[in-house]
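A short worksheet on the structure shown next.
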Protein chains: 2
Amino acid sequence: MAATYREIKADILGRITRGDWPPGSLIPGEMELAESYGAARATVNRAMRELAEDGIIERKRKSGTRVRMSPLRQARFDIPVVRREIEEQGAAYRYALVSSEAVVAPDWLRARMALAAGTEVLHLVCLHFADAAPWQHEDRWINLGLLPQARDADFATSVPTEWLMSQIPFSAVEISISATAADRALAAHLDCSAGDPLMMTERLTRWNDQTVTYVRLVHRPGHRMTTRY
Amino acid sequence: MAATYREIKADILGRITRGDWPPGSLIPGEMELAESYGAARATVNRAMRELAEDGIIERKRKSGTRVRMSPLRQARFDIPVVRREIEEQGAAYRYALVSSEAVVAPDWLRARMALAAGTEVLHLVCLHFADAAPWQHEDRWINLGLLPQARDADFATSVPTEWLMSQIPFSAVEISISATAADRALAAHLDCSAGDPLMMTERLTRWNDQTVTYVRLVHRPGHRMTTRY
DNA sequence: GAGTGGTCTAGACCACGCC
DNA sequence: GCGTGGTCTAGACCACTCG
């Protein structure tokens, strides 16, 4: 009866999917399960904790553990670094800078990045290619108040994402995904027609409660994000 | 120096963000950290395991633990049940069935769902409203070979998702997100113009290696999925 | 072979949340 | 109160992998 936490987790999940413990029902307590599996309570605890993280069950002190009514809670999507994403498909990665300009942040951007009036930002437009085909269009604004050294960085050769990671490797991020229509410029860069629907990823990066950079990544036509579980 | 795994995790993360341990560098071993925090190795292990799950560090036996080069690996998005999503905003949820029809699966669907030739499917079209406003358009196909009882279910009153969960509560799922353009019918249902860009979520649900249902959920114009970390 | 993380145990105390 | 999960400890053995 010696059991690993993986075996216990699989067994409990099996009982749930098999219908022995239907949604909403109460699962036996940790001590009881530990005894029936011939394992320590810590081992059962780990199995149960992971099932709770996976959104399968719900745990509460005193009341015990219940099977969730609706199991599909959240999905993880990989947010890959574009270079890797492309190279992992066996394509060659190429980067190109379209434009680079230091400007005073316009109102809409100041609001979005929570910047003080008059703050300067570096506005970059660049493209990422997989072999010859355009893969992603990047429209980025970097807070020059926080990162003045961005003025002197050579973004014709450094990929902004990679340069930024060398400056502030870890930070808080807010990611948002939506659908947008290609305007004329995007259509030209991404080799599609104006008005075509495109997926857009926006990312706000914060550091010490200040916004470092805001980026809009527009993916090539037909791009999908997929996940299994 | 008594420390909880949360404190240890926060402290390690702090050292990483502060730059004490830059990307790619080797972090001290569990025993060493346990001693310096005055904690048991199991406690340090839990902190480190979670940091690894979060994609901050990378662990390997024998070689030790390293800070990841690129921290942004994956993001979790909530995949809410539509009824909840709407009610949590304080709006009233309303469901409407547009059409329901049992048909032999067309070729494109057979390929996608991996069905045998001649398999019948129930094709449902329905709408989800938040107060008076259309929120989501649902186009669903249910495998009648696997779920013949779907013929007799009353989808004018039962929401398909909820009915399905009562039949097969737990299952393997493949989710995919993309951008699409509204056709005439979608535009009419979602109260927008034909050609408008819309987010679409597709979901394939499997059970015992058979596909139970395939659904296309098209979200209202302007819909976003957001996450922070 | 030896070092590092991966896991398990047996026991303990704590904290939340019902009654 | 008191039962349930949440966490910690000290020690042990195992498994992977590098040199």
Side-chain angles (χ1 to χ4, degrees), chain A residues 1-16 20-71 73-74, chain B residues 1-16 20-69 71 73-74 76:
Chain A
M1 276 307 282
T4 70
Y5 85 92
R6 286 167 193 282
E7 288 166 346
I8 294 176
K9 184 179 173 184
D11 187 78
I12 293 175
L13 188 57
R15 294 203 202 188
I16 291 172
D20 298 359
W21 295 329
S25 65
L26 203 58
I27 286 180
E30 295 191 349
M31 287 183 307
E32 195 179 330
L33 286 173
E35 197 176 353
S36 76
Y37 284 114
R41 186 167 77 96
T43 308
V44 173
N45 181 278
R46 169 129 190 223
M48 302 276 270
R49 190 187 341 125
E50 291 200 357
L51 286 168
E53 277 167 11
D54 295 345
I56 308 292
I57 60 179
E58 227 166 357
R59 320 196 70 192
K60 254 193 228 165
R61 284 153 150 139
K62 169 68 183 174
S63 357
T65 299
R66 286 181 183 285
V67 180
R68 265 195 175 284
M69 296 305 290
S70 42
R73 271 198 327 153
Q74 50 183 213
Chain B
M1 275 313 280
T4 69
Y5 85 91
R6 286 168 194 282
E7 289 166 343
I8 294 175
K9 184 179 173 184
D11 187 77
I12 293 175
L13 189 55
R15 294 204 202 188
I16 291 172
D20 296 0
W21 294 329
S25 65
L26 203 58
I27 287 181
E30 295 190 351
M31 287 183 307
E32 194 180 331
L33 286 172
E35 196 176 352
S36 75
Y37 285 114
R41 186 166 76 97
T43 308
V44 173
N45 181 277
R46 171 129 188 223
M48 302 275 271
R49 191 189 338 125
E50 292 200 357
L51 286 168
E53 278 168 11
D54 295 345
I56 308 291
I57 60 179
E58 228 166 357
R59 320 195 72 192
K60 252 194 229 162
R61 283 154 154 142
K62 169 69 179 172
S63 2
T65 300
R66 285 182 183 284
V67 180
R68 266 193 176 282
M69 296 305 290
R73 271 199 329 153
Q74 51 183 213
R76 291 174 121 122

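Reckoned from all heavy atoms, side chains included, excluding hydrogens, waters and symmetry mates. So you know, we letter chains A, B, ... as the sequences are listed, proteins then strands, and number each from 1.
In this entry the distance linking CZ of A:R6 with P of C:dG6 reads 10 Å, nearest Å. With rounding to whole Å, A:E50 atom CD is found 17 Å from D:dG5 atom P. When rounded to the nearest whole Å, the span between OH of A:Y5 and C1' of C:dG5 equals 12 Å. The CE-P distance, from B:M31 to C:dG6, rounds to 13 Å in whole Å. Atom CD in A:E7 sits about 12 Å away from atom C1' in C:dC8, given to the nearest Å. Computed from coordinates, the B:E58 CD to C:dG5 P distance equals 14 Å when rounded to whole Å. Computed from coordinates, the B:L33 CG to C:dT4 P distance equals 12 Å when rounded to whole Å. Following rounding to the nearest Å, B:Y37 (OH) and D:dT7 (P) show an atom-to-atom distance of 18 Å.
Comparing C:dA10, D:dC8, D:dG5 by their nearest atom to the side chain of A:A40 picks out C:dA10. Distance from the side chain of A:R46 is smallest for C:dT7 among the nucleotides C:dT9, C:dT7, C:dG5.
Residues A:W21 and A:V67 approach most closely at O-CG2, 3.6 Å, considering heavy atoms. Taking all atoms of both residues into account, the shortest heavy-atom contact from A:I12 to A:M48 is CD1-SD, 3.7 Å.
Toward the 5' end of DNA chain D, the nearer of the two residues A:G64 and A:N45, judged by each one's closest nucleotide, is A:G64.
To the nearest 0.5 Å, the span separating CD1 on A:I16 from OG on A:S25 amounts to 7.5 Å.
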Check: Given the rule in the side chain to side chain contact (heavy atoms under 4.5 Å, CB included) test, do A:K9 and A:D54 qualify, once you have shown the distances and angles that lead to the verdict?
Finding: CA-CA 11 Å; A:K9 184 179 173 184; A:D54 295 345; 3.1 Å; yes

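Look at B:T65 and you'll find a side-chain N or O under 4.0 angstrom from OP1 or OP2 of C:dG5. For C:dG6, neither phosphate oxygen OP1 nor OP2 lies less than 4.0 angstrom from any side-chain nitrogen or oxygen of B:R49. OP1 and OP2 of C:dT7 both lie 4.0 Å or more from every side-chain N or O belonging to A:T43.
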Set out, line by line, the N/O atom pairs under 3.5 Å between protein and nucleotides 14-17 of chain C.
{"residue": "C:dA15", "atom": "N3", "partner": "A:R61", "partner atom": "NE", "Å": "3.4"}

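Screening B:I8, B:N45, B:V44, B:T43 against B:L33 for a side-chain contact (heavy atoms from CB on, under 4.5 Å) leaves a single residue, B:V44.
Checked for salt-bridge contact, A:E58 and A:R66 miss the test: no charged N lies under 4.0 Å from a carboxylate O. Ionic pairing of B:E50 and B:R46 is present here: one or more N-O contacts between side-chain nitrogen and carboxylate oxygen are shorter than 4.0 angstrom.
Base contact: A:R41 has a heavy atom under 4.0 Å from a base atom.
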